Structures are given as C-alpha cells and as structure tokens.
There are 2 protein chains.
Amino acid sequence: MEKQTITIYDVAREASVSMATVSRVVNGNPNVRPDTREKVLKVIEKLDYRPNAVARGLASHRTTTVGVLIPDLTNIFYASLARGIDDVATMYKYNIILASADAAKNKVDSVLESILAKQVDGLIFMGTHLSDSTRKELERSKTPVVLAGTVDPLDKLGSVNIDYVAAVKEATQRLLSTGNEHVAFVTGALSDPINGQYRLKGYQAALSEAKVAYDESLVFETEYSYRAGEAIWDAVKRSGATAAVITDDELAVGFLNGANDGHTNIPEDFEIITSNNTMLTEIVRPKLTSIAQPLYDIGAVAMRLLTKMMNKEEIEQKTVLLPHSIITRNSTK
Amino acid sequence: MEKQTITIYDVAREASVSMATVSRVVNGNPNVRPDTREKVLKVIEKLDYRPNAVARGLASHRTTTVGVLIPDLTNIFYASLARGIDDVATMYKYNIILASADAAKNKVDSVLESILAKQVDGLIFMGTHLSDSTRKELERSKTPVVLAGTVDPLDKLGSVNIDYVAAVKEATQRLLSTGNEHVAFVTGALSDPINGQYRLKGYQAALSEAKVAYDESLVFETEYSYRAGEAIWDAVKRSGATAAVITDDELAVGFLNGANDGHTNIPEDFEIITSNNTMLTEIVRPKLTSIAQPLYDIGAVAMRLLTKMMNKEEIEQKTVLLPHSIITRNSTK
DNA sequence: GAAAATTGTAAAAACGTTTGCATTTATGAT
DNA sequence: ATCATAAATGCAAACGTTTTTACAATTTTC
C-alpha cells in the first residue's frame, strides 16, 4: 500500500538544501562545504535514504552493471573464470548480469539483446565463438566487450587468453618424447577457432617438428562433457593411439574413466594430458597431467581490462596472453 | 560523439501516433487497432528501435531482473541450482544479477544492498544462512525472496528443499544396517540450520532408533571443499568410525581420496554416503553412494515460486519439499 | 579596496519510458 | 439517423536521479 520510498527530494527538504546538493554529497562531489555535507549525511542516515540505481542509470547513462555470457555454469572451467570476473567486478563496484548462452542453441543473440536493453556498461563473453550477427549487434550498441578464454580471429575486441598454440605444442611434444608414435587430439567443436585453428596448429607443429605425419583420423571432435569423454574412449583406443592431448577437463576425466573401466592402465599403456588444470585433475586417479591455465586470472584480467575500456582509459594491450605451464601428475610417464 | 539513440518519441513522430500508442504496441497491449499496430511495428523495424529497459524500469517500477546470491560459483552443487534458476528465469523473461556472497566473509549485507539498489523484482538466496541484519534489510525492501537449498528456521520466506532430516536418517540407517557400530557425521558449519538442526537431527534419530548411543566425537564440522575432506580423513579414521555420512560432494570426494591414498579400502573397510549426487560421485573411484537431491529442480522450482510471488499470485505452498532418494553406488556394501 | 577568480548552492531541464485520464472515433442497437 | 457504449488514441504527469546553468557569496589578487 504505502510505497514509502524515500527520495532524494525528501532528504533535500529535510536538510533544507537542494536536490543537487544531496546528489553531490551522495556522489562524493567535492564541491560542497564540509558542514553542509555533514548536515546532509545526518539526514540521509536519519531517513535511511537509499539511492535508486535505476533512476541514477537513466540520468547518468551509466548503470554500473556488466553483462557476462557463459556457455555452461556447471562446467568448472567457465565457473572458475566467472569467479575471477566476479571478484574484480565487485572490487570496482560493478554488478553482474549473468546469462548462460549455449552457442549451440542459437540463444546467444536473443540473450545478448535482452542484456543490451538493460544498458550494461560493458560485456564479457566466454566460450562462445561470435557469429557475424552477434558481432553486428555488438557494434551497433557500442558497448565495450572483452572475451575471456575466447579468441577473436578478427582481433578487434579485447581478449584474455593463453598461447594455445604453444601450450598444445608443448603438451604434444611431451607425449611424443616418451615414444608415443600415435598421439590423438581430442577436442571440442573445431568450428571454435581455439580448437580448429590454434590448438590444432600447435598439435600439428609438434608432429611436424618430430617428423611424424599428421593423421586426420587421430583428431577427435566431440563436446566438453564427462559423458562425451567416456563415450569416445573406445574409438580413440581403437585408432591405435597410445596417448592423447585433451582440451577440456571434464572431457578428459570421462575419457580417463573410460580407460580405467576398460582396464587400460594409465599411464603405462596410455598417456593423457588435459588442458585446464581444474580441481578435477586432482580428484581422479591417476591424477591428470595438465596444461595449466591461470583460470581465475583470465577472468580477473578480462574484467579489469573491461573496466579500463568503460572508463575510456588508454589501453596498452587489448589482446593479452597470460603465461601457461604444464603440471606433471600421474597420467604421463 | 553522436549518441544517436532512437527513442519511443522518434518512433511516435515517424509513425504519426503518440508515444502512448507506441508504448502499447511494444508492450502488447491489446487496445490498439491492428492497422496502427502494423504501422508502428513497421517504423520500429525501420528505425531499429530498442526500448531502454532502464527507463522502463523507472517508469513502471518493474525491472524484470532478479538477484541471485550464491556462496560459491565453483561448487558444483550451487552451480547446479543456479542452472535451474537461470533456465526458468529466462523462460519468464527475467534477467539475473548474480553475486557471490561468502557468508563467512560478511559480504552478504553489502552485496545485498547493492542488489536491492538496482531495484530487482525478487531475490533468490542460496546457501547463506540469513543473519538478523540481512533479514531486516530484506523486510524493509519488501522484495519477494525465495531460498533455494536453504531453510528458513522462522519459516517466513519462500523456500525449496528436500527433507534433510529424513534423507540423512535414511542414509545413516543404511550404514547402521550393514553392521557399522560407529558412523561418523561429517558436515559443514553447524551454525547453518540445515546441518546443525535438520541433518544432525536425522542422524541422531537413526542412531536412537537403532539404540546406538549418540557420540559427539563422531560429529565433524568443517567446510565444503575438497581440501577440507582430504584433511579430515585421518581424524575420522582415528575416531574409530567405520562409515560416514558426508553432507557435500566436494567434501566427500576429498575424504574418499584421503582414504584411498591412505590405503583404506572403500567400501570394505570404510563406507561412505554423500549428499548431493552431483557428477563428482560418478567421477571418482569407487563411485559414491549418495542421497539424491533434484538439484536442477530445486533451483527451477525456487525461481518459479519467485515468479508467482512477483506477480502477486496466490501461493499454495511457500515452503516446498522436493522428493529425495538414495542412489547406491560402490562406496557402500 | 575594487576587480577577478573561486566556491557553494539552487533551479530546472534532461533521461526514456509507463500510465491514468480525457478525448476522439468506431460500433451497434433502436 | 440517433444515441449509448465501447474501443482506440492522445496528453501530460509521473518515475528518482544527474547534470547544466546561473547566480550569489566568498576568497584571492594586486
């Protein structure tokens, strides 16, 4: 019934100053005498006034809200990035509008539209490769965008990644070096440039340097899930491979258990290197050797980069590559 | 430079109707002649007009946005709930403002304040037990609230859960029935009513019915994480227990690996039942027997309940209990 | 001690919608 | 045709802020 919202106007009246002055106090504008500031603050306290962010957003054209698109909340890889994003966002007083957008399901554009309608100040994309329509939509809105763990082949948007080519190359070399003649490459959609261009290139480069012929039948394209990993084990085993580089931990874990349950000894009879170094690699037995990506940092740096863009600060590098390494555990000899 | 935002006013002028009519068309108000609707839609298309959700929110007092508080994004339990929440929210055209609020770190109230400032239409709480100050804050804002996987001891807010008392009781009985005389109870903060009241009560009820004395030294309080599970294994083993009910999967998995790595055979020498039936239970070896909670559904139902509250619909049951079961895998005899 | 610069405050115009009310136009029964 | 009624539209006032402009009061400068 009684709405009872205390507005800036009530505060102004009670403190016998103008709305403008109250606004200045609330926003920390220095142009207000200490004693008036004091007086206003007292009234704010007394009336328990809370500024309305919606009205503020309308008047100032800034919502202090950023949109975050995530392909799968329950995939710990993305969740880890999200945590980095969230922490930095909080640090800079931004709220996050989170939306899951399964690229596969063409949801991206509609989700994006609803987020842009909310007038977010910026946008972080994870995982989803940007379609042309998506890109156009972003362009027209002029909203700053940063990709986290996602590359932009056109190199126009901000992005934070590791050097996938180098990382996969090292992993592959590692497997070749222990005498594996047939190393499989098990990955997600090759239409995603990270897989189809970067990682694949690293894989091929390692083979080529080791003078091993590239054999397309050793490349396995599937999806990032535990089930997919279990399911594909047999095929990989039958291909004659004795080792595999796998580009997602859930996938790798499913794969590993497929091997375990099929009584193949890891790493004696088959070696595995996975890619994300999430908690999963430590949970399974044997523990998985993995490319280590600084997941939290990828998210955190992406968000930090976005804050700079939103502030129109000078950006030294809008395409950043964070360092990676390989953590040896027990799925390799 | 040129802001170039197309407003409802531009559309009105171009279509030679009033703003009100355009607004009606956009909002699907039936009070507009089909041919005017057509005309307006054409202009909207032509001008590529997009309504500004912030202005809309200010004028209508509805933001079609809900706040979601999550204790830990990377804990798959919460992430699973969140997925249910997200799907239903999308279905009903709500956006989600996600904020992680580590109850431990007293962040809850400040996060809540920033979310409420954004004028969300409703709020979903996960995991965090509501402090008095939080509750007061919610009350004053009059925002509808639903707890997902979290109980309200005062039973004032909406909530969606399973019957924790019954579930833990069944799990404990199961372990007692295979001859375990000392069954440990390993859980998170006992200050959380779910643990300290409900689950503990179920545990005690099972003991009591089996005429086994309750022994406080078999109750282990720790936190929901893999590391905590690894760390606590030794103490539990030393307590003389030969079985344990564990209330979080990450915790249970750490515990299991503690046992594995300490060369205790599961389930021959020690039985384990965990509580959330997430993917983790299937990933480890042996697979974990678990209480099965409908995680996705808890989130989905919570969000659905919230939509009803936001619409001021009649609510038949604001405290809902979803069914649970026990899934037998290989960590029990 | 007057002119110039600075500071503090108020008034009012945005911001882009929705919505209650008034008005016009169409519909149908007589 | 006529009138009562219903349907469609327009007008203008919110919504709760920020921001621009203007001016008065104070401080500085020489």
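As the structure is a prediction and not an experimental result, all values here were calculated from the model. Below, chain A is the first sequence line, B the second, and so on; all start at residue 1.
- Judged purely by atom type and a 3.5 angstrom limit, A/S80 uses its side chain to pair as donor or acceptor with the backbone of A/I76.
- Distance alone, capped at 3.5 Å, is enough to place a donor-acceptor pair between the B/S141 side chain and the B/L138 backbone.
- Side chain of A/K308 to backbone of A/E314: no donor-acceptor contact under 3.5 angstrom is found.
- Taking atom CD1 of residue B/I8 and atom P of nucleotide C/dT19, one finds them 11 Å apart after rounding to whole Å.
- Counting only residues at least two apart or in different chains, salt bridge (Lys or Arg N to Asp or Glu O under 4.0 Å) contacts with residues 61-75 of chain B comprise A/R83-B/D72.
- In this structure, A/S23 contributes its side chain and A/M19 its backbone to no donor-acceptor pair below 3.5 Å.
- Look at CD1 on B/I44: it is 10 Å from P on C/dT17, rounded to the nearest Å.
- The side-chain hydrogen bond (donor to acceptor under 3.5 Å, both in side chains) test applied to B/Y49 returns no partner, not counting sequence neighbours.
- Screening residues 123-135 of chain A for salt bridge (Lys or Arg N to Asp or Glu O under 4.0 Å) gives A/R135-A/D152 as the qualifying pairs, with residues at least two apart or on separate chains.
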Pull out every protein N or O sitting under 3.5 Å from an N or O of nucleotides 8-13 of chain C, one pair per line with the distance.
residue: C/dT9; atom: OP1; partner: A/T36; partner atom: OG1; Å: 3.1
residue: C/dT9; atom: OP2; partner: A/R33; partner atom: N; Å: 3.3
residue: C/dT9; atom: OP2; partner: A/T36; partner atom: OG1; Å: 3.0
residue: C/dA10; atom: OP2; partner: A/S18; partner atom: N; Å: 2.5
residue: C/dA10; atom: OP2; partner: A/S18; partner atom: OG; Å: 3.3
residue: C/dA10; atom: OP2; partner: A/T21; partner atom: OG1; Å: 3.2
residue: C/dA10; atom: N6; partner: A/R24; partner atom: NH2; Å: 3.0

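- In terms of phosphate contacts, A/S60 brings no side-chain nitrogen or oxygen within less than 4.0 Å of OP1 or OP2 of D/dT17.
- Evaluation of the side-chain hydrogen bond (donor to acceptor under 3.5 Å, both in side chains) rule for A/Y9 yields no partner, not counting sequence neighbours.
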Donor-acceptor contacts, no H, no angles, side chain residues 116-126 of chain A, under 3.5 Å, sequence neighbours left out:
residue: A/K118; atom: NZ; partner: B/T63; partner atom: O; Å: 3.2
residue: A/K118; atom: NZ; partner: B/T64; partner atom: O; Å: 2.9
residue: A/K118; atom: NZ; partner: B/T64; partner atom: OG1; Å: 3.2
residue: A/K118; atom: NZ; partner: B/T65; partner atom: OG1; Å: 3.1
residue: A/K118; atom: NZ; partner: B/N95; partner atom: OD1; Å: 2.8
residue: A/D121; atom: OD1; partner: A/T63; partner atom: N; Å: 3.0
residue: A/D121; atom: OD1; partner: A/T63; partner atom: OG1; Å: 3.3
residue: A/D121; atom: OD2; partner: A/T63; partner atom: N; Å: 3.2
residue: A/D121; atom: OD2; partner: A/T64; partner atom: N; Å: 2.7

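- Identified under the salt bridge (Lys or Arg N to Asp or Glu O under 4.0 Å) test for residues 12-28 of chain A, with sequence neighbours left out: A/D10-A/R13, A/E14-A/K46.
- The distance from atom CG of A/N29 to atom P of C/dT6 is 17 Å, rounded to the nearest whole Å.
- With D/dT17, C/dT19, D/dC15 as the choices, the nucleotide that has an atom nearest any side-chain atom of A/T7 turns out to be D/dT17.
- In this view, A/E313 satisfies the salt bridge (Lys or Arg N to Asp or Glu O under 4.0 Å) rule with no residue, not counting sequence neighbours.
- For DNA chain D, the neighbouring residues in residues 48-58 of chain B, judged by any heavy atom under 4.0 Å, are B/L58.
- Note that the two end axes of the helix from C/dG1-D/dC30 to C/dT30-D/dA1 enclose an angle of 30°, each drawn from 5 base pairs, rounded to 10 degrees.
- Regarding A/H61, its NE2 atom lies at a distance of 10 Å from the P atom of D/dT20, rounded to whole Å.
- Of the possible polar contacts, one joining the A/N52 side chain to the A/A55 backbone as a donor-acceptor pair under 3.5 Å is found.
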Dump the pairs, protein N or O against N or O of nucleotides 22-25 of chain D, anything under 3.5 Å, distances to one decimal.
none

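- Screening residues 25-41 of chain B for salt bridge (Lys or Arg N to Asp or Glu O under 4.0 Å) gives B/R33-B/D35 as the qualifying pairs, with residues at least two apart or on separate chains.
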